[in-house]
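Below is one structure, written out as structure tokens; comments come after it.
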Amino acid sequence: MSLDISEITPYNFAVVEPKWQKFWIDNHSFKTQNRQNKKYYVLEMFMYPSGKVHIGHVRNYTIGDIVARYKRACGFDVLHPVGWDAFGLPAENAALKQKSHPKDWTYKNIETMKKQIRALGFSYDWEREFATCDEEYYGFQQKIFLALYKKGLVYRKKSEVNWDPVDNCVLANEQVIDGRGWRSGALVEKKMLSQWFFRITDYADELLNELDNLKGWPENVKTMQRNWIGKSEGCSINFSCDNGDQITVFSTRPETLYGATFLAISPDHPLAKKIAVSNKAVRDFISELKKGSVSQQMLDKQEKQGIDTGLTVKHPFLDKRLPVYIANFVLMDYGTGAIFATPAHDERDYDFAVKYNLPIISVIKSENSEVPYFGDGILFNSEFLDGLSVVEARKRVIEEIDKRDLGKKEIFFKLRDWGVSRQRYWGCPIPMVYCPKCGTVPLKEEDLPLRLPDDVNFSGTGNPLDQHPHWKHIKCPICGGDATRETDTLDTFVDSSWYFLRFCVGKESKDLLDKSNVNQWMTVDQYIGGVEHAILHLLYARFFTKALADCSLVNVREPFTNLFTQGMVCSVTFKNEQGEWLFPSEVRKNEKGEFIEIATGKKVIVGRLEKMSKSKKNVVDPDVIVKTYGADALRLFVVSDTPADRDFPWSDEGLDGSWRFINRVWRLFVYLKDKGICALATRDIELSSLSEEMQNLYKGFHKTIKDVTVSFESQSMNKAIAYIRESINCIYAVLDKAEDNVSLFSVVVRDLIKLLAPIAPHICEEAWSMFGFSNLVSENEWPKFCEKYIVVSTINLPIQINGKLRGTIDVAPNAPEDEVIQKALEVNNVKKVIGDKPIRKKIFIKGKIINFVV
RNA sequence: GCCCGUGUGGCGGAAUGGUAGACGCUACAGACUUAAAAUCUGUUGUCCUUUCGGGCGUGGGGGUUCGAGUCCCUCCACGGGCACCA
């Protein structure tokens with residue numbers, strides 16, 4: 001009796017998926033192997049245990065899992081670990097709000113999210129799992145801190161910090177966005193505090209230069225890092241002031257020195273402060289600027305403000321004096337906090353000069369003498385620089401400044417040292433002690449780990465560690481006298497700056513950076529995560545790797561060979577007339593096809609696709625999807641249709657389509673099983689014994705293997721899926737021949753399962769076992785394709801006349817020119833178009849095209 | 001303002017300088033069904049044409065080429081990053 005394909009029971013993911021998930025875990029199927037030199041380390045940016053997995057995580061980890069499973073099939077020993085970035089503010093916020101301990105909150109969240117992650121069937125080595133708040137991990141991090149301290153890469157200084165008044169916490173520059181705290185959104189204030197710093201600026205040049213060698217990184221990420229490091233080359237110049245002081249300025253355009261008409265110093269410049277003491281107008285001006293908060297200044301940044309100090313400086317080359325202004329557009333934390341201004345060739349200087357009626361002197365010839373002019377040109381008005389080009393003049397003037405001892409060639413970076421102190425409880429304690437006699441003293445290594453006390457009180461203000469009754473009191477490690485601990489904890493970006501190294505070492509080793517292990521696996525062959533970490537995390541991780549190398553703790557200087565930044569999952573948004581966000585379930589289409597709010601019947605505003613977020617009410621819950629459609633359908637969907645590095649437009653219809661595809665595959669498997677397919681899967685195919693149609697199926701399938709392989713190699717999952725779908729369509733078209741071609745279909749379906757397994761592992765594992773294979777599909781080699789089958793016997797060759805398509809002919813791919821021309825000229829439409837016009841030229845590309853020019 | 005990136009059907013997107021629109025979503029039609037759902041099979045850029053076929057089409061304009069979505073110039077739009085960085 002024949003099996004009707006439409007009557008096959010749907011794929012029961014609810015039974016199949018948990019079965020294989022349990023099997024993989026119980027059997028340690030993805031335990032890191034250490035058999036050979038062919039190794040591959042694939043890592044997805046680890047997760048913050050916020051409480052629930054969201055769809056963005058699903059996409060990120062699906063991409064990584066596909067890579068891991070594919071590489072394993074290609075014969076690599078694969079390291080594919082999972083862990084938790086578990087320290088940080090939200091745990092403390094939750095502690096305040098829900099009266100739960102940050103530790104309990106965090107570990108509970110990890111448990112919840114682990115279940116969710118496991119339900120997606122990712123091929124992790126769960127034995128290497130850890131959380132950064134594990135004592136073992138942060139204890140070792142303290143050792144690293146001390147190693148960096150000994151190496152001179154850690155120091156403490158009093159400095160103005162960004163103070164977040166809501167989170168009561170210091171923020172790094174990178175955590176301030178438009179003058180607001182990156183997490184709380186509160187306006188940031190300035191405050192002076194003693195802080196610990198890492199000397200990332202020591203590595204500014206290397207961090208910049210090495211970017212050129214990171215061929216496997218996206219160009220935009222490298223550009224962002226370059227801009228952030230912000231190297232500029234120029235020179236410093238000293239000006240003597242008439243009050244006896246010297247003012248040192250930095251300029252990248254010293255060749256414009258003869259066009260200088262005034263000096264401008266920052267309101268925070270020491271000289272400005274000195275003048276303020278005796279000059280009330282200056283004092284008032286500075287305090288007026290201070291009054292506006294950081295962000296107010298940002299808002300006013302277009303408006304140049306300044307005040308004449310009354311002081312003048314001597315021009316280094318000319319017998320003239322330049323007035324010194326205090327100007328709001330000069331920043332103290334860049335360069336020297338002072339500039340010479342050449343209004344003719346700098347926009348900001350120009351704006352300022354116009355506002356305060358200062359002279360404008362051109363020194364570079366431009367075509368129409370317009371000012372300000374920033375282009376190239378020939379110098380004039382500039383004595384010994386006259387007639388030189390901008391580049392020549394720059395070189396010449398720096399030589400001269402150097403010769404006369406007025407200044408020197410200098411390089412400045414925008415990059416600042418990394419402040420790592422946080423006035424927070426839920427982080428890695430800094431292993432330092434303050435002794436009234438011995439000063440700042442590091443803890444002894446044998447006293448590590450320095451544990452966080454569990455019995456803390458969250459009042460909501462200040463640092464609970466500092467307020468703990470006895471934790472901070474300690475005997476000095478040197479003199480044994482009364483001393484106090486550092487109560488700040490480390491920025492959580494420190495935790496994520498070396499976790500990828502820890503994954504290289506098995507749990508049995510006490511040395512978390514065990515060199516033989518780390519060297520075996522580093523670098524990370526493929527790192528995958530969101531572009532939002534392009535600067536902070538990735539720059540810090542690069543710095544840390546270099547610093548650890550200089551402490552002889554690791555052997556590599558760059559952590560990530562290839563970086564892939566996946567796009568965000570986006571969805572439509574709805575708003576009602578009041579501007580309130582609406583859930584998709586609160587909206588429906590009316591008869592006219594307009595979207596209306598169900599509750600009110602009023603029209604809603606349909607927004608553009610935006611990143612899924614709770615606040616915009618356009619989220620989907622991965623748990624619900626997995627329950628309704630299964631993990632395979634979800635995995636398939638999030639990498640279908642759209643390239644993985646672009647934003648992904650979520651649609652319920654699309655998800656439904658993925659589910660239909662999973663079922664279509666399932667019906668194919670069940671149908672073929674019923675026809676006795678696959679029992680003979682290992683038998684070789686004798687091509688000549690097959691009909692032409694079946695030969696084409698086989699050849700076409702080799703093309704599929706090639707296309708899918710190439711697509712996986714370039715992380716083009718969307719294309720891989722398209723080719724697999726195409727192939728399945730081809731198989732469906734000849735399904736009625738399956739019974740008569742058992743060995744052919746057996747080989748095809750065997751390899752088809754392998755091709756699909758990285759994306760939809762559960763259904764493939766189930767099919768693999770259903771067809772009677774005794775091992776796991778993931779233990780099998782990736783299918784191989786033969787070029788000789790991919791070369792087809794005839795191709796459909798296009799015929800062009802004057803570059804326009806006028807017909808096609810079927811010929812052998814290697815058909816010679818004579819044959820092709822003869823056949824092409826026999827095509828009716830070609831005859832018609834050419835008519836009696838003479839053929840002036842024939843362009844023939846073998847196997848590609850014939851083009852007649854008439 | 002500066003620096004990146006992207007513009008292809010109703011939608012997501014394919015396409016080593018060589019038949020634009022693979023694959024999917026949507027929509028429509030047929031088969032199956034009492035019917036619906038599901039499934040299977042078609043059609044689906046646009047205009048003209050009964051057919052054969054033809055015109056126009058990859059943001060706009062120009063160029064290189066036998067031939068351009070692809071290369072060059074220029075303009076426009078959108079997205080992202082940095083933003084008084086001397």
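Letters A, B, ... mirror the listed sequences (proteins, then strands); counts begin at 1.
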Pair assignment for C78(B), Watson-Crick or G-U wobble, requiring both distances under 3.5 Å: G5(B)

Between Asp810(A) and Lys823(A), the two heavy atoms sitting closest are O-NZ, 3.9 Å

Distance between the P atoms of G13(B) and A20(B), in whole angstroms? 23 Å

Please tabulate, one pair per line, each protein N/O and nucleotide N/O from nucleotides 61-67 of chain B that are separated by under 3.5 Å, including the distance.
| residue | atom | partner | partner atom | Å |
| --- | --- | --- | --- | --- |
| C66(B) | OP1 | Lys841(A) | NZ | 3.4 |
| C66(B) | O2' | Asn851(A) | ND2 | 3.3 |
| C66(B) | O2 | Asn851(A) | ND2 | 2.5 |

Nucleotide of C4(B), A86(B), A15(B) approaching Thr223(A) most closely (side-chain heavy atoms): C4(B)

Measure across Leu634(A) and Trp650(A) and return the closest heavy-atom pair with its distance rounded to 0.1 Å. CD1-CH2, 3.8 Å

Exercise: identify the closest heavy-atom pair between Thr336(A) and His269(A): O-CD2, 3.7 Å

Mind checking what makes side-chain contact (heavy atoms from CB on, under 4.5 Å) contact with Asp205(A), not counting sequence neighbours? Asn209(A), Lys231(A), Phe413(A)

Inter-nucleotide P distance (G59(B), A77(B)), Å rounded: 16 Å

Answer yes or no: side-chain N or O of Lys848(A) and base N or O of U16(B) forming a donor-acceptor pair under 3.5 Å. yes

Take atom P in A37(B) and the same atom in A27(B), then report the distance between them in whole Å. 12 Å

Looking at C4(B), G13(B), A86(B), which one has an atom nearest to any side-chain atom of Asn220(A)? C4(B)

Tell me, please, which residues at least two apart from Asp346(A) pass side chain to side chain donor-acceptor pair (under 3.5 Å). Arg348(A)

Are Thr248(A) and Asn238(A) packed together at the side-chain level, in the sense that at least one heavy-atom pair is separated by less than 4.5 angstrom? yes

In Watson-Crick or G-U wobble terms, with both distances under 3.5 Å, the base opposite C25(B) is G10(B)

For Met224(A) and A83(B), give me the distance from atom CE to atom C1', rounded to whole Å. 14 Å

Taking the side chain of Tyr732(A) as its heavy atoms from C-beta onward, which of A83(B), C85(B), C40(B) lies nearest to it? C40(B)

Pairing partner (Watson-Crick or G-U wobble, both distances under 3.5 angstrom) of A31(B): U39(B)

Nearest to side-chain heavy atoms of Pro649(A), which nucleotide of A15(B), C84(B), G12(B): G12(B)

Arg664(A) and Leu668(A), any side-chain heavy atoms less than 4.5 Å apart: no

Taking any strand in view, what nucleotide pairs with U46(B) in a Watson-Crick or G-U wobble way, both distances under 3.5 Å? G55(B)

Could you state the NZ-C1' distance from Lys222(A) to G80(B), rounded to the nearest angstrom? 18 Å

Nearest whole angstrom, please: distance from the C1' of A14(B) to the CZ of Arg646(A). 11 Å

Quick one: on RNA chain B, does Asp346(A) or Asn663(A) contact a more 5' nucleotide (nearest heavy atom)? Asn663(A)

Going by purine N1 to pyrimidine N3 plus the second Watson-Crick contact, or the G-U wobble pair, all under 3.5 Å, which nucleotide sits opposite C84(B)? none

Is the base of G54(B) syn or anti, if syn means a glycosidic angle within 90° of 0? anti

For Tyr334(A) and Lys719(A), take the nucleotide of RNA chain B holding the closest heavy atom to each; which residue's nucleotide lies nearer the 5' end? Lys719(A)

Do the ring planes of Tyr258(A) and His315(A) sit parallel (below 30°), tilted (30 to 60°) or perpendicular (above 60°)? tilted

Checking base pairs now: Watson-Crick or wobble, both atom distances under 3.5 Å. What partners G69(B)? none

Both distances below 3.5 Å, Watson-Crick or wobble geometry, any strand: find the nucleotide opposite U16(B). none

Same-atom distance (P) from C75(B) to G42(B), integer angstrom: 49 Å

Options A86(B), G13(B), U19(B), nucleotide nearest the side-chain atoms of Pro643(A): G13(B)

Can you spot which of Phe648(A), Phe661(A), Trp659(A) makes a ring-ring contact (aromatic ring centres under 6.0 Å, His included) with Phe637(A)? Phe648(A)

Whole Å only: how far is the CG atom of Leu257(A) from the C1' atom of A86(B)? 13 Å

Can you classify the ring geometry of Phe239(A) versus Phe340(A) as parallel (below 30°), tilted (30 to 60°) or perpendicular (above 60°)? tilted

Are there any protein N/O atoms within less than 3.5 Å of an N/O atom in nucleotides 24-33 of chain B, and if so, which ones and at what distance?
| residue | atom | partner | partner atom | Å |
| --- | --- | --- | --- | --- |
| G24(B) | OP1 | Asn729(A) | ND2 | 3.1 |
| C25(B) | OP1 | Arg660(A) | NH2 | 2.9 |
| U26(B) | OP2 | Arg660(A) | NH2 | 3.3 |

Does a nitrogen or oxygen in the side chain of Arg226(A) sit under 4.0 Å from OP1 or OP2 of C82(B)? no

Rounded distance in Å - CG (Leu609(A)) to P (G13(B)): 10 Å

Apply ring pair (Phe, Tyr, Trp, His ring centres under 6.0 Å) to Phe352(A) and list each qualifying residue two or more places apart in sequence or on a separate chain. Phe262(A), Tyr325(A), Phe329(A), Tyr356(A)

Round to the nearest Å and state the distance from Asn796(A) atom CG to U19(B) atom P. 11 Å

Do the side-chain N or O atoms of Arg253(A) get closer than 4.0 angstrom to the phosphate oxygens (OP1, OP2) of A86(B)? no

Take atom C1' in A22(B) and the same atom in U8(B), then report the distance between them in whole Å. 13 Å

Kindly assign one of parallel, tilted or perpendicular to the pair Phe669(A) and Trp666(A), based on the angle between their ring planes and the thresholds 30° and 60°. perpendicular

When the distance from CG of Asp349(A) to P of A86(B) is rounded to whole Å, what number comes out? 12 Å

Counting heavy atoms from C-beta on, name the nucleotide in G81(B), G12(B), C84(B) closest to the side chain of Lys304(A). C84(B)

What interatomic distance, in whole Å, is found between C1' of U74(B) and the corresponding atom of G55(B)? 29 Å

All N/O contacts under 3.5 Å from nucleotides 51-56 of chain B to the protein, with atom names and distances to one decimal?
| residue | atom | partner | partner atom | Å |
| --- | --- | --- | --- | --- |
| G53(B) | O3' | Asn829(A) | OD1 | 3.2 |
| G53(B) | O3' | Asn829(A) | ND2 | 3.3 |
| G54(B) | OP1 | Arg806(A) | NH1 | 3.4 |
| G54(B) | OP1 | Asn829(A) | ND2 | 2.6 |
| G55(B) | OP1 | Arg806(A) | NH2 | 3.1 |
| G55(B) | OP2 | Arg806(A) | NH1 | 3.3 |

Hey, does Leu735(A) have a side-chain heavy atom less than 4.5 Å from the side chain of Leu672(A)? yes

Gap separating the CD1 atom of Ile731(A) from the OG1 atom of Thr704(A), nearest 0.5 angstrom: 8.0 Å

Nearest heavy-atom pair of Phe564(A) and Gln715(A): which atoms, and what distance? CE1-CB, 3.7 Å

G54(B) and U6(B), which share atom name P, separated by this distance in whole Å: 35 Å

When the distance from CD of Glu219(A) to P of G79(B) is rounded to whole Å, what number comes out? 23 Å

Is Arg840(A) touching bases, backbone alone, or none of the nucleic acid, heavy atoms closer than 4.0 Å? nothing

